[in-house]
Number of protein chains: 2
Amino acid sequence: MKPQGKKKATIYDLSLLSGCSASTVSAVLNGTWRKRRIKESTAELIQGLAEQHQYTANLQARGLRNSRSGLVGLLLPVHDNRYFSSMAQTFEAQVRSHGKCPVVVSASRDPQEELATVETLISYSIDELFIAGATDPDSVHGLCEAAGIRHINIDLPGTKAPSVISDNYQGARMLTQAIIKRFDDAAVTLKPEELFLFGGRNDHASRERIKGFRDIKTEMLGGDSDACIQPTGYSPDMTQKAFEAFYEREGKLPRGLFINSSINFEGLLRFMAQHPHETFADLVVGCYDYDPFGSFLPFPVIMIRQDTESMLAKAFELIAEARPAVTIHLIQPELVHPRTALKGPLDSIRDIDA
Amino acid sequence: MKPQGKKKATIYDLSLLSGCSASTVSAVLNGTWRKRRIKESTAELIQGLAEQHQYTANLQARGLRNSRSGLVGLLLPVHDNRYFSSMAQTFEAQVRSHGKCPVVVSASRDPQEELATVETLISYSIDELFIAGATDPDSVHGLCEAAGIRHINIDLPGTKAPSVISDNYQGARMLTQAIIKRFDDAAVTLKPEELFLFGGRNDHASRERIKGFRDIKTEMLGGDSDACIQPTGYSPDMTQKAFEAFYEREGKLPRGLFINSSINFEGLLRFMAQHPHETFADLVVGCYDYDPFGSFLPFPVIMIRQDTESMLAKAFELIAEARPAVTIHLIQPELVHPRTALKGPLDSIRDIDA
DNA sequence: CTTTTTTGCACAATCGATGGTGCAAATAAT
DNA sequence: ATTATTTGCACCATCGATTGTGCAAAAAAG
């Protein structure tokens, strides 16, 4: 029953065992046997043998033959971050429900690595590719195009393939507004030079967020200056350094902080670890990303939760279209008030044996 | 130069172009050409053509021929959690540095899904499999064994393959000790029935942690009762419900909380969202997992950081051995005091264009 | 100028699954 | 009983890369 330690059974093994030809075995096992007018009894015989010998198809062979693999790829900048990891989680569920096999890989926000990784995926004949947060989506597009692979951008848009991204401008407006309102409600007048943005770099998302931030500042506070924008890249360390520098210079933090992403927020944490509680007494933080733990920090943290479910749903919809238009689809993010614990993709996992 | 939209070049195409045989082309492009005594000029000719035509090997074909794929798999319970996502991050870096292609998939802590996923991976002839936090590592072992695939357990041990896991017992002792010491330092006497453990289920990690927790309680507080152990499974929702039930019954939370994992901690967050600040005024929490944001909550949170780098390093070491002994390797975790922002795998990523 | 050795490469089988084509045997139609 | 259909399946080429084997031509040895 259990062919211990031996190599896997192939259709040829079953062919010998059953006395049928390999092509018949193949047809039976991949479900096309009715189309090929195989007798039902033959099919049953072969299915029985397959089960006995624990046959499973060699997917590389199948993939070679059909030049499709059943794999669907998700290219991520990094894993270690709630935004992307929850994206990975929803992605897997979606792909599985389509009967395919999800493959998630990260490329460290490195254009070279992105291209190399995608080349590898293409060499495995992945069927579709979801490109999330790529630094250079259009080059990736080039590779996919040449290989005839359906693909779509998520999170950061490209100009050559359809993209599904957060409405970063609106989100930033909402977030900035919420920060300011927080001060208003406490009857505190916030001066324009007391509200800063930290983090992000020169990518589409950051630019949009900065624009939204500045627009609202101008509208509500009547002013805004370049000095209030501190792009630090997506690195906790650089962000920490930026906070330290500011603190060194000014003797305190700005009272209002717009932080471009949870990764940058980690930079603030590092800064916090170096300074006493009081430093953050009247701080109000807005973070463009949602992290459940971040929402419960000792000062008010307003967050933006990007709707990865809707983004992926839309992306799956678009990628299924024959010839999807190269447009950018905006998905509305959600404002999350302080001390909020939202449900996430993990909640749809049933926990056995609790 | 750019074969637009057409199909990918194969060794046969290059064979025609170069006038050499396909086998020569193959040898040149996979680096074995010196062994095959191919003239250097021939090699250069072919390499040039390959570059011109953007040749990349069809890895399914190669994999079929060698019955190896160059893929190395990591099976995870879930993505959306800092412990596992940081594991994925280090895993990818390690695999890449070995010149292979990392593939990360999750199986939702569902034994069925675990087996199905691993079968699929095996069908793609993955070379090695790292099995992290599997509910049923030994069944997974069965599949790998039958397919002759090197594999190793991480996080949760099996009995049939070597395992690398955290020293959960010691970690739990450290954590429990630190919680109690926190009260001691504040000159508060903690009664045994004021220190509870929430979360976890009937798996090896939870059992060890519970044992460590109880041992220290008995040693330091002189007592411990079954009632203080509240396993809730790995579900935020169930954990929240457990807290609500407790609160309903007792009118307050225990002053000392040992929380079995960050996922369970999210259950506490959900509880927190429903109750005012004061409910948590004199709370001390220990969490068996590290999350940077969790470390800065308004009450003291002591955390355990499991050393995923060392675990993976050890795992890679073991999996490289010819016939690794079926033993369990314990990796010491680290106690993390409140308000600590540790560096993580993301820090080793260079951020361009900051 | 032979004989031996080395160099440089082509041939062909193989990995496992797929699907078009063809052909006997069984059944139906006349 | 003869021809026309239908049923049930086997054959074989194919996907792209790898590798053991063999054999000419070139170089070295005698």
Side-chain angles (χ1 to χ4, degrees), chain A residues 6-46 50 53-70 119-120 122-125 127 147-148, chain B residues 6-47 50 53-70 119-120 122-127 147-148:
Chain A
K6 291 295 116 247
K7 32 209 55 170
K8 303 189 45 124
T10 71
I11 52 170
Y12 298 98
D13 300 329
L14 298 181
S15 162
L16 291 180
L17 288 166
S18 66
C20 300
S21 76
S23 66
T24 300
V25 174
S26 170
V28 167
L29 294 173
N30 67 26
T32 59
W33 57 279
R34 289 179 186 289
K35 203 177 325 180
R36 287 185 147 263
R37 298 187 318 228
I38 307 284
K39 223 196 305 182
E40 183 133 10
S41 63
T42 313
E44 281 164 2
L45 166 67
I46 292 177
H53 295 267
Q54 314 208 110
Y55 170 84
T56 55
N58 179 322
L59 298 180
Q60 300 212 69
R62 175 178 293 170
L64 174 58
R65 181 58 227 243
N66 330 300
S67 53
R68 291 181 304 102
S69 64
E119 283 227 333
T120 308
I122 290 179
S123 302
Y124 284 111
S125 310
D127 298 346
Chain B
K6 289 295 118 242
K7 32 209 54 169
K8 302 188 45 121
T10 71
I11 52 169
Y12 298 99
D13 300 329
L14 297 181
S15 162
L16 292 181
L17 288 166
S18 66
C20 300
S21 77
S23 65
T24 300
V25 174
S26 171
V28 168
L29 295 173
N30 66 27
T32 60
W33 57 280
R34 289 181 186 288
K35 203 177 326 181
R36 288 186 147 264
R37 298 187 319 230
I38 307 284
K39 223 195 305 184
E40 181 132 11
S41 64
T42 312
E44 281 164 1
L45 166 67
I46 292 177
Q47 284 161 346
H53 295 268
Q54 315 210 108
Y55 170 84
T56 56
N58 179 324
L59 298 179
Q60 301 212 68
R62 174 179 294 170
L64 174 58
R65 180 59 226 246
N66 308 320
S67 52
R68 292 181 304 101
S69 65
E119 284 227 331
T120 308
I122 291 179
S123 303
Y124 285 111
S125 309
I126 54 164
D127 298 345

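Lettering follows sequence order; numbering is per chain, from 1.
In this structure, the side chains of A/Val28 and A/Leu14 stay at 4.5 Å or more apart for every pair of heavy atoms. Looking at B/Ile11 and B/Tyr55, their side chains come closer than 4.5 Å, going by heavy atoms from C-beta outward. For the pair B/Leu16/B/Tyr12, no side-chain contact is recorded, criterion being any heavy-atom separation below 4.5 Å from C-beta on. Residues B/Leu29 and B/Ile46 are in side-chain contact: their nearest non-hydrogen atoms beyond the backbone lie under 4.5 Å apart.
For the residue pair B/Thr56 / A/Glu119, no side-chain donor-acceptor distance below 3.5 Å is found, with atom types taken as modelled.
For A/Ile38 and C/dA25, the CD1 to P distance is 18 Å, given to the nearest whole Å. A/Leu64 places its CG atom 17 Å from the P atom of D/dA13, with the value rounded to the nearest Å. In this structure, B/Gln60 places its CD atom 18 Å from P of C/dC15, rounding to the nearest Å. At whole-Å resolution of the value, CG in B/Leu16 and C1' in C/dA10 are 14 Å apart. Rounded to an integer number of Å, the gap from A/Arg34 CZ to D/dT6 C1' is 17 Å. A/Lys8 has its NZ atom 16 Å from the P atom of C/dC15, to the nearest Å.
A side-chain hydrogen bond (donor to acceptor under 3.5 Å, both in side chains) check over residues 16-36 of chain B, counting only residues at least two apart or in different chains, returns the pairs B/Ser21-B/Ser23, B/Ser21-B/Thr24, B/Asn30-B/Thr32.
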**Message:** Using a 4.0 Å heavy-atom cut-off to protein, can you give one letter per nucleotide of nucleotides 17-28 of chain D, 5' to 3': B if the base is in contact, S if only the sugar-phosphate is, - if neither?
**Reply:** BBBBB-------
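Across the interface with DNA chain C, nearest-nucleotide mapping of B/Ser67 and B/Lys39 shows B/Lys39 to be the residue nearer the 5′ end.
Here the side chain of B/Ser15 pairs a donor or acceptor atom with the backbone of B/Cys20 at under 3.5 angstrom. Between the A/Ser69 side chain and the A/Ser125 main chain, a donor and an acceptor come within less than 3.5 Å of each other.
The end-to-end axis angle of the helix from C/dC1-D/dG30 to C/dT30-D/dA1, rounded to 10 degrees and based on five pairs per end, is 50°.
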